[in-house]
Amino acid sequence: MRFLLNFKSFMKAWRDYPLETNKTLAERYIVQELIGEGSYGLIYKCTDRISGSSVAVKQARPSKGSRAENFLKREADILKTVGHPQIPEYIDLFKDKNGAYLVMSFLHGDTFEDLIFDQGKRLTEEDCVRYTLDLLDLVEHIHQKGLVHLDLRIPNVFIHDGRLYLIDFGLARKIGEPPPRERPPGMGFPFIRSSSGRFKTAEIQTDLFDIGHFMLFLLYSSFEPDDSPSSKANDRIWQEELDLSDELRQILERLLELRKPYAGIHHLKEDLLRLRRLHDEYGESTES
Ligand SMILES: Nc1ncnc2c1ncn2[C@@H]1O[C@H](COP(=O)(O)OP(=O)(O)OP(=O)(O)O)[C@@H](O)[C@H]1O
């Protein structure tokens with residue numbers, strides 16, 4: 001049994017072995033480097049021989065077969081629909097003997113995951129409100145197109161020159177659309193449940209709930225845990241651990257459905273704008 005498991009994981013790693021640098025795909029895209037590995041895709045920075053620009057090419061993981069290809073096609077359709085300067089632009093979709101590829105515009109910058117976990121950036125409440133308002137502009141645009149993103153997490157939000165960009169539309173669906181019959185490749189049952197313990201339904205509220213989690217990650221970047229032996233740190237909940245204004249705590253509780261949830265982005269935006277005005281009167285951010 002052990003041998004079989006080892007053999008299976010060896011075969012998987014072999015099939016998903018990244019493409020070589022300088023390989024040309026579809027006679028057009030020259031591989032520069034592997035820049036990311038997700039559950040269903042390998043992402044390369046390539047040079048487009050026609051435009052001369054850098055592009056991001058997502059290869060459906062060969063080991064995940066047609067499931068990964070279907071998710072890639074869905075992502076391509078969604079990118080064609082959303083069209084926004086802060087969302088990668090759809091360029092091409094093609095197949096070769098190694099599987100299917102989605103080509104999109106290349107984003108410069110860092111993800112919020114890089115910023116917080118690799119670069120140790122500490123963000124204040126003011127930063128969190130400001131960035132969330134920027135993210136809401138993008139999410140509102142997606143909702144107006146009749147779609148929900150359903151994967152609003154720190155590794156999927158980029159920042160470059162102070163501007164936010166959103167990637168990874170592999171799980172996005174039309175508002176109200178039932179979950180796809182195929183489970184996202186590489187992801188088990190817990191994944192398709194939201195953090196609140198229910199299935200990720202294609203509703204605006206699911207994105208709002210995820211935005212609540214996104215904000216908590218930003219806020220925890222400046223949290224100093226109390227490591228002293230007498231500390232009761234393990235028993236504390238985020239409302240006790242984080243030093244937040246009452247206004248922000250209430251906003252988060254509504255996003256995380258601990259009190260009456262927001263019906264849509266509009267009221268959330270109003271509350272955050274009101275809080276930003278208060279910060280402008282009294283506060284400072286790390287950027288200032
Ligand atoms: N358009 C892009 N420009 C630059 N980098 C990108 C782009 N798209 C993806 N990446 C890089 O590749 C990584 C993985 O991309 P993405 O999240 O879309 O893959 P995935 O297979 O859907 O992953 P996941 O398992 O997290 O859903 C990103 O975190 C980012 O570093």
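All ligand and atom numbering here is 1-based and tracks the order in the structure.
Ligand 1 lies nowhere less than 4.0 angstrom from a heavy atom belonging to Gly170. Using a 4.0 angstrom heavy-atom cutoff, Phe158 counts as in contact with ligand 1. Contact between His108 and ligand 1 is absent, with no heavy atom of the residue lying under 4.0 Å from the ligand.
Residue contacts with ligand 1 for Asn156 involve side-chain atoms from C-beta outward but no N, CA, C or O (heavy atoms, distance under 4.0 Å). Only side-chain heavy atoms of Ile43 come within less than 4.0 Å of ligand 1; its backbone N, CA, C and O stay farther off. At a 4.0 Å heavy-atom cut-off, ligand 1 does not touch Arg61 at all. Proximity of Ile167 to ligand 1, defined as any heavy-atom pair under 4.0 Å, is confined to the side chain (atoms from C-beta onward).
A side-chain donor from one of Ser245 and Glu125 sits under 3.5 Å from a side-chain acceptor of the other.
Listed by atom number, the atoms of ligand 1 under 4.0 Å from Tyr40 heavy atoms are 21 (O), 22 (O). The contact set between ligand 1 and Gly41, taken as ligand atoms under 4.0 Å from a residue heavy atom, comprises 21 (O). Near Gly36, meaning under 4.0 Å from one of its heavy atoms, ligand 1 places the atoms 12 (O), 13 (C). The ligand atoms of ligand 1 that sit less than 4.0 angstrom from a heavy atom of Gly38 are 20 (P), 21 (O), 23 (O), 25 (O). Interface atoms of ligand 1 facing Arg153, defined by a heavy-atom separation under 4.0 Å, are 26 (O).
At a threshold of 4.5 Å between non-hydrogen side-chain atoms, the residues Lys145 and His84 do not count as touching. In this structure, Glu240 and Ile237 have side chains that are in contact, with non-hydrogen atoms separated by less than 4.5 Å. Taking 4.5 Å as the limit, some side-chain heavy atom of Asp271 sits within range of a side-chain heavy atom of Arg274. With contacts defined as side-chain heavy-atom distances shorter than 4.5 Å, the pair Leu123/Leu219 does not qualify. Counting only heavy atoms from C-beta outward, the side chains of Tyr101 and Tyr29 never approach each other to under 4.5 Å. By the 4.5 Å heavy-atom criterion applied to side chains, Met215 and Leu218 are not counted as neighbours.
Looking at Leu107 next to ligand 1, an N or O pair under 3.5 Å apart turns up. Among the atoms of Glu37, none of the N or O lies under 3.5 angstrom from an N or O of ligand 1.
In the candidate list Gly109, Ala68, Pro155, Pro155 is nearest to atom 29 (O) of ligand 1, counting heavy atoms. For atom 8 (N) of ligand 1, the nearest non-hydrogen atom from the set Met104, Lys58, Glu75 belongs to Met104. Scanning Ala56, Ser105, Ser39 for the heavy atom closest to atom 25 (O) of ligand 1 points to Ser39.
A salt bridge links Asp246 to Arg249: one of the charged nitrogens lies within less than 4.0 Å of a carboxylate oxygen. Glu37 and Arg61 are joined by a salt bridge, as a carboxylate oxygen and a charged side-chain nitrogen come within less than 4.0 angstrom of each other.
For the pair Lys64 and Tyr40, the NZ or CZ position fails the cation-pi test of under 6.0 Å to the six-membered ring centre and within 45 degrees of the ring normal.
Aromatic ring centres of His213 and Phe217 lie farther apart than the 6.0 Å criterion allows.
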